[in-house]
Structure formats: C-alpha cells, structure tokens
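Have a look at the structure below before the remarks.
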Amino acid sequence: MSRTYGQRVYALVRRGPPGSVATYGQIAALLGNPRAARAVAAALRNAPNGGRIPCHRIVNRRGSMAPADVFGPGVQSALLRGEGVVFLPDGSVDMRRCLWQPQPSDLPAQP
DNA sequence: CGCGTGACGTCTC
DNA sequence: CGAGACGCCACGC
C-alpha cells in the first residue's frame, strides 16, 4: 500500500509516549530525510484528529510550539502540561528532559 | 494542471 | 559566527 508521507508521520507520532515531545526534524530524520521537517508540519497540519494523533506533542527544534491559532489559545501547552511535560521560564518546553528518545524497538520494523 | 504558501530544519556562503 | 537559499510534502486557488 502506498502510504503517503503523512501516514508514516502519523504512525511515528503515535509512538510518542505522554510526557515526552518530539521535533519535526526528529520525525523527518527518523523517516530518512532530515530536511523534510516542513513536510512533517504540512502532514500534521492536516492530521485527522479522529485518528488519535497526538499532534500536540510535536514542537519545533527550540521547544516552542505552534501558533495558538492552530490548536487554540494555550491549548497545546495545557495538553502538554497535563501529560507532565516540563516547561522552562521562557515558556518553551525543556527539551533536555522531555525530548522523546525513541528506541530501536519502538521504531517500525525495517522492511 | 501549475504556482504559491506553510505547525521547519539543514546546508552553504 | 551570522544570514541566506534550498529541500520536503500537502493544500488552496
């Protein structure tokens, strides 16, 4: 089945555990293209929330989250806080502590 | 069917 | 070390 880039992104994002966050570039790199961070964002932008995709766990490389217009005013930060994500005084996520570290076992099997 | 835009990141000068 | 250009995918017009 020809899976679109978004489908692969969704599958990987779904593996992200609560309390941890991942970056666009990280997902793209895991897919094999570290320069496809924008593609990840494009896919998540149209990600079907009905598919239970924790798109709110994806933040940028600096730990800043997407504009409030995307999810809502302070919604993403509230969701992350509810999961136990640690925030820094400047309002960004503490990547040093909450960055998702995927193990080989958590990654999809290699065809 | 083609161009421009957008939740980004890496590479090059 | 800083700024600029390119790359990737999906969607709207």
Side-chain angles (χ1 to χ4, degrees):
Chain A
M1 307 271 294
S2 304
R3 286 156 250 197
T4 76
Y5 201 84
Q7 290 295 307
R8 281 175 281 199
V9 171
Y10 306 148
L12 207 54
V13 171
R14 246 188 280 165
R15 293 246 188 274
S20 300
V21 298
T23 69
Y24 304 95
Q26 184 179 7
I27 301 297
L30 289 171
L31 292 175
N33 287 346
R35 296 180 289 191
R38 210 148 85 164
V40 175
L44 290 174
R45 195 200 184 283
N46 289 279
N49 286 0
R52 303 285 178 120
I53 301 157
C55 36
H56 61 273
R57 284 186 204 152
I58 310 303
V59 297
N60 65 17
R61 186 64 173 91
R62 303 180 299 183
S64 306
M65 41 207 148
D69 310 20
V70 181
F71 287 94
V75 171
Q76 188 175 10
S77 57
L79 287 167
L80 292 174
R81 265 194 199 270
E83 293 180 355
V85 173
V86 181
F87 283 78
L88 293 174
D90 64 346
S92 59
V93 177
D94 190 347
M95 306 301 285
R96 228 258 303 178
R97 297 224 324 146
C98 298
L99 180 61
W100 177 39
Q101 300 166 10
Q103 304 171 18
S105 310
D106 288 337
L107 293 175
Q110 275 228 354

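Heavy-atom basis, side chains included; hydrogens, waters and symmetry copies ignored.
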With rounding to the closest Å, how many angstrom separate the P atoms on C/dA3 and B/dG6? 22 Å
Using the P atom on both, measure B/dG4 against C/dA5 and round to a whole Å. 16 Å
Given atom CZ of A/Arg3 and atom C1' of C/dA10, what is their separation to the nearest angstrom? 19 Å
How would DNA chain C look in dot-bracket form, 5' to 3', counting Watson-Crick and G-U wobble pairs with both distances under 3.5 Å and writing | for bases paired to another strand? .||||||.|||||
Provide the distance between the two C1' atoms, one in B/dA7 and one in C/dG4, to the nearest whole Å. 22 Å
Rounded to the nearest 0.5 angstrom, the OG-CD distance for A/Ser20 and A/Gln101 is 8.0 Å
Is there a path of hydrophobic side-chain contacts, each under 4.5 Å between heavy atoms of I, L, V, M, F, W or Y residues, that connects A/Tyr10 with A/Tyr24? yes
Gap separating the CG atom of A/Leu80 from the CE atom of A/Met65, nearest 0.5 angstrom: 7.0 Å
On a heavy-atom basis, the closest approach of A/Phe87 and A/Ser77 is CZ-O, 3.8 Å
Any protein N or O atoms within reach of nucleotides 3-8 of chain B? Criterion: under 3.5 Å, listing atom names and distances.
from: B/dG6; atom 1: O6; to: A/Arg38; atom 2: NH2; distance (Å): 3.1
from: B/dA7; atom 1: N7; to: A/Ala41; atom 2: O; distance (Å): 3.2
from: B/dA7; atom 1: N7; to: A/Arg45; atom 2: N; distance (Å): 2.9
from: B/dA7; atom 1: N6; to: A/Leu44; atom 2: O; distance (Å): 2.4
from: B/dA7; atom 1: N6; to: A/Arg45; atom 2: N; distance (Å): 3.4
from: B/dA7; atom 1: N3; to: A/Tyr24; atom 2: OH; distance (Å): 3.3
from: B/dC8; atom 1: N4; to: A/Arg38; atom 2: NH1; distance (Å): 2.5

Please answer whether the main-chain N or O of A/Arg35 pairs with a side-chain N or O of A/Asn33 as donor and acceptor at a distance below 3.5 Å. no
Using 0.5 Å steps for rounding, measure from the CG atom of A/Asp106 to the CG atom of A/Leu12. 9.5 Å
Quick one: CZ on A/Arg57 to CG on A/Leu79, what's the gap to the nearest 0.5 Å? 9.5 Å
How long is the straight-line distance from CG of A/Leu88 back to OG of A/Ser64, given to the nearest 0.5 Å? 10.0 Å
Between A/Gln26 (CD) and B/dT10 (C1'), how many Å, whole number? 15 Å
Check: protein-nucleotides 1-3 of chain C nitrogen or oxygen pairs below 3.5 Å:
none

Atom CD1 in A/Ile58, atom OG1 in A/Thr23: separation rounded to 0.5 Å? 8.0 Å
Work out which heavy atom in A/Arg62 is nearest to a heavy atom in A/Ser92; give both atom names and the distance. O-CB, 4.1 Å
A/Arg62 CZ - B/dT10 P separation (whole Å): 13 Å
ILVMFWY cluster, A/Leu44 and A/Val59 together (side-chain gap under 4.5 Å): no
Roughly how far apart, to the nearest Å, are B/dT5 and C/dC6 at atom C1'? 16 Å
